[in-house]
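One structure is given below, encoded as C-alpha cells.
Small disclaimer: the values here were computed from a predicted structure and weren't measured. Residue numbers begin at 1 in each chain, while the letters A, B, ... track the order of the sequences.
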Amino acid sequence: MRRYNPKEIEPKWQKTWQENQIYQATESDGKPKHYVLEYFPYPSGSAMHVGHVRNYTIGDVVSRTKRMQGFSVLHPMGWDAFGLPAENYAIKTNISPQEAVAKNVANFKKQLIQMGFSYDWSRELNSTDPEYYKWTQWFFLLLFKKGLAYQKESLQWWCPHDKTVLANEQVENGRCWRCGHLVEKKALKQWFFRITDYADRLAKDLDKVDWSEGIKAMQRNWIGRSEGAQISFQVENSSEQLKVFTTRPDTIYGATFLVLAPEHKLVNKLSNSGRRSEIEKYTAEAERKNDIDRMETEREKTGVFTGSYGVNPANGQKIPIWVADYVLPGYGTGAIMAVPAHDERDWQFAKKFDLPIIHAYSQEGKKEDQSYWGEGVIKNSDKYDGITTQEARKQITLDLTSKKMAENVTNYKIRDWLISRQRYWGAPIPIIHCPKHGAVPVPEDQLPVILPEMDSYEPSGDGRSPLARVPEFVNTKCPVCGEPAQRETDTMDGFACSSWYFLRFADPHNSVEPFSKEKAKFWLPVDDYIGGAEHAVMHLLYARFWTKVMYDEGLISFDEPFSTLRNHGMILAPDGNKMSKSKNNTIEPDEIINQGYGADSIRLMELFIGPWNQSANWSVEGLAGMYRFLQRVWVIVFEFTEAGESKTERNIELELGINRSVHKAIKKVNSDIKDLGFNTALSALMECVNQLYKMKSPENFTQAHDSWKTALENVLILLAPFAPHITEELWKELGHNNSIHLSAWPSWDEHLVAENLINLAIQINGKVKAAILVAANATEEEVVRLARNEKSVSKHLEGKTIKKTVYIPGRIVSLVVT
RNA sequence: GGGCAAGUGGCGGAACUGGUAUACGCGCACGACUCAAAAUCGUGUUCCUCCGGGAGUGAGGGUUCGAUUCCCUCCUUGCCCACCA
C-alpha cells in the first residue's frame with residue numbers, strides 16, 4: 001500500500017484540474033445557476049493566514065456541493081487591489097504600486113491554488129486593470145449624469161498620516177480605519193455620491209434579503225432612519241423662525257429651552273450684543289475641540305445662553321435659546337427643543353445650568369427625579385391630556401401643521417458618501433474642469449482615463465493629489481469647447497471598485513460594456529455571499545446603493561445584489577487573539593502544508609473546529625486528528641482494492657450493515673450541509689468511516705465486494721467537497737477515469753436508514769430509570785407492558801399506583817407514580 | 001446607554017419540533033505491537049459515591065409527566081453602534 005502523502009498528490013491534482021478547466025462556469029448547459037462569491041481579497045504584503053482561508057473554504061465547499069448537485073456554479077476570484085494598503089506597502093518597500101500588486105497577487109493566487117479551491121480562473125479580474133477601472137469610471141459618470149455625484153466644499157475628516165480624506169464610515173472612534181491615527185477636520189472641495197437619496201430604500205429593502213439580523217441591524221443603525229416632526233419656534237422680537245427636529249412632538253409642552261449647535265447659521269444673529277463675546281468664545285472653542293472629545297458621551301455638558309427667546313407654537317410660552325455642543329450640526333436642523341423631563345441629555349443640561357423642568361409623573365402619581373422616555377399617557381398639556389403619547393404625537397403635529405408651524409419629516413444619520421481621495425493609487429475621477437463649462441465628464445470614448453506612472457507618488461499633504469504634479473496628465477482640452485482645461489486629480493475611494501465587481505464576474509472580458517445584460521440576468525443576484533462582518537456597513541451598503549442606481553437605469557433587473565449573506569466567524573490565534581503580523585501569532589497554510597499535513601487536513605480543520613458562523617481559536621493539535629481521519633479513509637480504500645474481487649459466498653448481513661451505515665451518513669450530510677453545518681456533517685462522516693473501519697477485513701471485502709465498492713464511492717463523494725485532493729486520488733484508485741468532482745451527489749434509501757428495533761427510554765416521575773429495545777411497529781399497549789415489566793422499572797413501581805402514562809413513539813415512555 | 005451573538009466535560013464542540021445531555025474530534029490514562037521510540041490499533045475517560053444510587057448544561061425562579069431547548073429575573077463574555085434629539 002502506498003502511503004498517504006499530501007505533498008505528492010495535492011499539487012498533481014491542482015495541475016490536472018487547471019489543465020482540464022473542470023471548474024469553468026458555463027451559461028449554456030441548461031442547468032440552474034448558483035453564484036457563490038467570497039469577498040475578493042485585498043492582496044497585501046503579508047500572506048494569507050488560516051483565518052482568511054476559512055472564508056474561502058466555506059465558499060468552496062458550497063460551490064463544490066452545488067456543482068455535484070447539478071447546478072451550473074459560478075465561483076470566481078479577483079483582486080481588490082487599489083487603495084491605501086497596496087500603496088503604503090509599495091512606499092515602504094520602495095517599489096511601484098503596480099509592481100507591488102503584481103507580486104502580492106501572484107503570492108495570494110499561489111496560496112489559493114495550493115488550498116485546492118475550485119475557482120473559475122478564466123474569470124479572474126483585477127480592479128487596477130484599466131480594462132476594469134474603465135467601467136468603474138463609466139459608473140462614476142453614470143452617477144454624475146444622474147445627479148448622484150457632486151462636488152462640495154466642506155469640512156471633512158482628514159487623516160494626517162495617510163494624507164487623505166476619509167468617508168464617515170472609515171472613521172472609527174475618531175481614528176483612521178487603516179492606520180489608526182487620530183483624524184482631523186479639514187475644509188476641502190470634495191466629490192460625494194448622493195447615497196442619502198437612497199437611504200429609505202436601503203433601509204426598507206433589508207426586509208427582502210436573507211442576511212443575519214446582526215448585519216441588518218448594523219445597516220439600519222448606520223442609515224439611522226427616524227420619523228418625526230420639524231417644528232418652528234418664532235424668535236421673539238425677530239422675523240426669524242427657529243426650526244427644530246424632534247421624534248417626540250408629544251412632549252412639546254415640556255419644552256423649557258431651545259439649543260443650537262455652535263455651527264448653526266443663526267447663532268450670530270440671535271446673540272445678544274451684551275453676550276456676544278462670550279458666545280463667540282464658546283463657538284470658537286467648540287470648533288477647535290477635538291472631535292473625539294466632542295463625541296464623548298460621559299463629558300459634562302457645556303453651553304452658553306444667547307440672550308434670545310423663542311415662542312413655543314403649542315402654548316405660546318417664551319423659552320430661552322442656548323448654544324451647546326451636545327447638539328450636532330449635521331443632523332436634523334442642527335437645533336433642538338429641549339425637554340428635560342423626557343430626554344436624558346436635556347435633563348443633564350437643565351440640571352447643570354439650572355433651567356426649568358416640567359417633571360414627568362410615574363403611574364402611581366409620583367414625581368420623577370429623572371427623565372422618562374417611555375410611552376404613557378399625556379399630562380400637563382392642555383387639551384391633549386389623557387390621550388396616549390403615540391396618539392398625541394400624531395395629533396399635535398397635525399394641529400401645528402395646520403398652523404404652518406410643523407411638518408412631518410424623516411431624518412437619517414447616514415451622510416453622503418465622500419468618494420474622492422488625494423492619493424495616487426486609485427481610479428482617476430473622469431472629470432475635466434473647464435473655466436467656462438465647469439466640471440465636464442470625460443466622453444465615454446475617451447475612457448479609461450489612465451492612471452499615469454509616476455516615479456514619486458507619495459502624497460504631499462497639502463490636500464492635493466500627487467497626480468496634480470503631472471502636467472501631461474492635468475493639462476487637457478475641454479470636451480465641450482476645446483479650450484485648455486484641467487483634469488480632476490483626485491482618485492476614487494477603493495470602495496467604488498468593489499461596488500460592482502460581482503457584476504463584472506458575469507462577463508469579465510466584455511470590452512464594449514461593463515457587462516452584458518443577458519449574462520448579468522443569468523448569473524445574478526449572488527446566491528451565497530460569504531465574508532466577515534468587517535464589511536457590514538461599508539462595502540455592503542455601497543454595493544447595494546450602486547445596484548439600486550443600476551436598477552433604476554435599467555441595466556439590471558434586480559435591486560438587491562446579494563440574496564443570501566453568510567457571515568463566517570473569525571479564526572483566532574491559539575492564544576485567543578486576532579491573528580496579526582504585529583502580534584507575531586499568524587499561522588499560514590504554507591507552513592502546515594510544508595510540515596506534510598496537506599491542504600485537505602487544513603480545510604477539514606477550518607470547518608470541524610466549530611459552527612461556521614462562530615469564531616474559534618485555531619488548534620494545532622486538532623489538525624493531527626483531521627489527518628488521522630483522512631488516513632483511515634485512505635487505508636480502507638487501498639485495503640479494499642488490494643483484497644481483489646474473488647466472489648465467495650455473499651454475506652447479506654454484512655452488506656446490510658455497510659449500506660445502512662453509509663446511507664445514514666448520506667442523509668445526515670445532506671441535511672447538515674443545507675444550513676452549512678459542516679462540523680456536524682464531518683462528524684457524521686467520521687462516524688461512518690469508523691464503523692466501516694471496524695467492519696473491514698480481507699474476507700469481508702471479498703464477501704461483499706459490490707456493497708463495499710458503492711459504499712466507498714459514496715463516502716468519497718460526500719467527502720469530496722471538503723477534501724478534494726485525497727478523494728480524487730482514491731476515486732482513481734477505485735478505477736474511475738473521470739473527476740470525482742464532476743460526479744453526481746448521492747441520495748439515500750429511507751428503508752435502509754430506518755431502524756426496526758428502537759431503544760426506548762423509560763422515565764419514572766421525570767427521571768430516566770431504564771431503556772428497552774422494542775420493535776419499531778410495536779403498539780402502545782405492548783410498549784407500556786414491556787416497560788412496566790422491565791426489572792429496573794418494576795421495582796420502583798412496587799406499592800405505588802400509576803397516575804399517568806405518557807408514550808411518545810420512538811422516544812420515551814414516561815410513568816407518573818405516587 | 002442601545003442593538004446583536006453566546007455561556008454545556010480537562011479543551012473545541014453535539015443534541016431533530018420540549019423526549020436517554022456530553023455525538024464527533026483533541027487531550028489524558030491503560031493495554032497491544034516494538035529491543036526501544038514514533039506511528040498505528042484496542043479499551044476507558046462529566047462529577048460525587050458507603051456501588052444502592054445521587055448531582056449535573058452561567059445563577060435563581062416558573063410552566064410541564066419531562067427543559068440545554070419555552071417564560072421571568074439576574075450575572076458574565078464577545079462584536080457593532082453610541083450626545084443622531
Side-chain angles (χ1 to χ4, degrees), chain A residues 172-173 212-222 224-226 228 244-248 251 259 294-299 301 324-328 330-339 342-346 348-349 373 411-415 533-534 536-537 567 569-570 572 576 604-605 608-611 613-626 628-629 631-632 635 668 671 677 679-690 693-694 759-771 795 802-817:
Chain A
E172 297 169 347
N173 290 327
S212 74
E213 276 314 307
I215 300 286
K216 286 191 188 182
M218 280 187 223
Q219 290 223 348
R220 284 201 190 95
N221 184 39
W222 189 264
R225 182 179 199 276
S226 51
V244 303
F245 175 71
T246 179
T247 54
R248 295 298 300 273
T251 65
V259 189
R294 185 145 170 204
M295 286 188 294
E296 179 56 62
T297 50
E298 303 299 312
R299 223 178 86 234
K301 294 275 180 289
D325 66 3
Y326 82 92
V327 175
L328 304 175
Y331 183 77
T333 61
I336 60 151
M337 65 174 202
V339 185
H342 300 291
D343 184 282
E344 180 56 26
R345 296 150 300 183
D346 298 343
Q348 283 171 12
F349 195 81
W373 55 86
N411 260 315
Y412 302 91
K413 289 187 207 172
I414 192 172
R415 308 292 143 84
E534 70 272 18
V537 275
N567 282 116
M570 223 184 327
L572 306 170
L604 255 49
M605 193 62 214
F608 189 70
I609 197 165
N613 54 1
Q614 272 175 38
S615 61
N617 299 3
W618 185 257
S619 155
V620 179
E621 299 82 30
L623 200 62
M626 301 303 106
R628 275 197 282 268
F629 164 62
Q631 191 164 256
R632 286 157 81 89
V635 167
K668 177 80 170 137
S671 72
N679 55 333
T680 48
L682 280 170
S683 87
L685 277 168
M686 288 172 179
E687 225 166 326
C688 172
V689 167
N690 288 346
Y693 205 82
K694 280 183 186 151
N759 201 1
L760 208 59
I762 304 164
Q763 288 184 345
I764 295 173
N765 289 345
K767 296 276 176 204
V768 176
K769 295 291 178 192
K795 73 177 176 192
I802 297 178
K803 245 174 65 181
K804 187 172 177 183
T805 305
V806 181
Y807 170 54
I808 308 295
R811 303 242 183 252
I812 210 155
V813 178
S814 183
L815 304 174
V816 187
V817 302

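Residue side chain A:K803 does not reach the base of B:C65 through any donor-acceptor N/O pair under 3.5 Å, judged by distance alone.
Put simply, CE on A:M570 is 9 Å from C1' on B:G78, counting in whole angstrom units. In this structure, A:H342 atom NE2 and B:C83 atom C1' are separated by 19 Å, rounded to whole Å. Look at NZ on A:K694: it is 16 Å from P on B:U40, rounded to the nearest Å. Between the CD atom of A:E621 and the P atom of B:G25 there is a distance of 16 Å, rounded to whole Å. We find that NZ of A:K767 is positioned 20 Å from P of B:G52, with the value rounded to whole Å. Computed from coordinates, the A:Q348 CD to B:G1 P distance equals 13 Å when rounded to whole Å. Counting to the nearest Å, the P atom of B:C26 and the CG atom of A:L604 are 12 Å from each other. When rounded to the nearest whole Å, the span between NZ of A:K413 and P of B:A85 equals 6 Å.
A:G766 comes within 4.0 angstrom of sugar-phosphate atoms only, judged by non-hydrogen atoms across all strands, and of no base. Using a 4.0 Å heavy-atom cutoff across all strands shown, A:G224 reaches no nucleic acid atom at all. Here A:R225 lies out of heavy-atom contact (under 4.0 Å) with every strand.
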Short heteroatom pairs, N/O only, protein and nucleotides 29-33 of chain B, under 3.5 Å:
none

Atom pairs, N/O to N/O, protein against nucleotides 67-72 of chain B, distance under 3.5 Å?
none

Return the polar atom pairs (N/O with N/O) between nucleotides 8-19 of chain B and the protein under 3.5 Å, or none.
from  : atom 1 : to     : atom 2 : distance (Å)
B:G12 : O2'    : A:I609 : O      : 2.5
B:A14 : OP1    : A:N679 : ND2    : 3.0
B:C16 : N3     : A:R811 : NH1    : 3.1
B:C16 : N3     : A:R811 : NH2    : 3.1
B:C16 : N4     : A:R811 : NH1    : 3.2
B:G19 : N2     : A:Q763 : OE1    : 3.1

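Taking side-chain N and O atoms only, A:R628 has a distance below 4.0 Å to OP1 or OP2 of B:G27. Phosphate contact (OP1/OP2 of B:A85, side-chain N/O of A:Y326, threshold under 4.0 Å): absent.
The side chain to side chain contact (heavy atoms under 4.5 Å, CB included) test applied to A:A335 returns A:L242, A:V244, A:L260, A:H264, A:T333, not counting sequence neighbours. In this view, A:F349 and A:F257, A:W322, A:Y326, A:F353 satisfy the ring pair (Phe, Tyr, Trp, His ring centres under 6.0 Å) rule, not counting sequence neighbours.
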Item to check | Dot-bracket notation for RNA chain B, counting Watson-Crick and G-U pairs under 3.5 Å, with | for partners on another strand | outcome: (((((((..(((......[....)))((((((.......))))))(((....)))..(((((..]....))))))))))))....
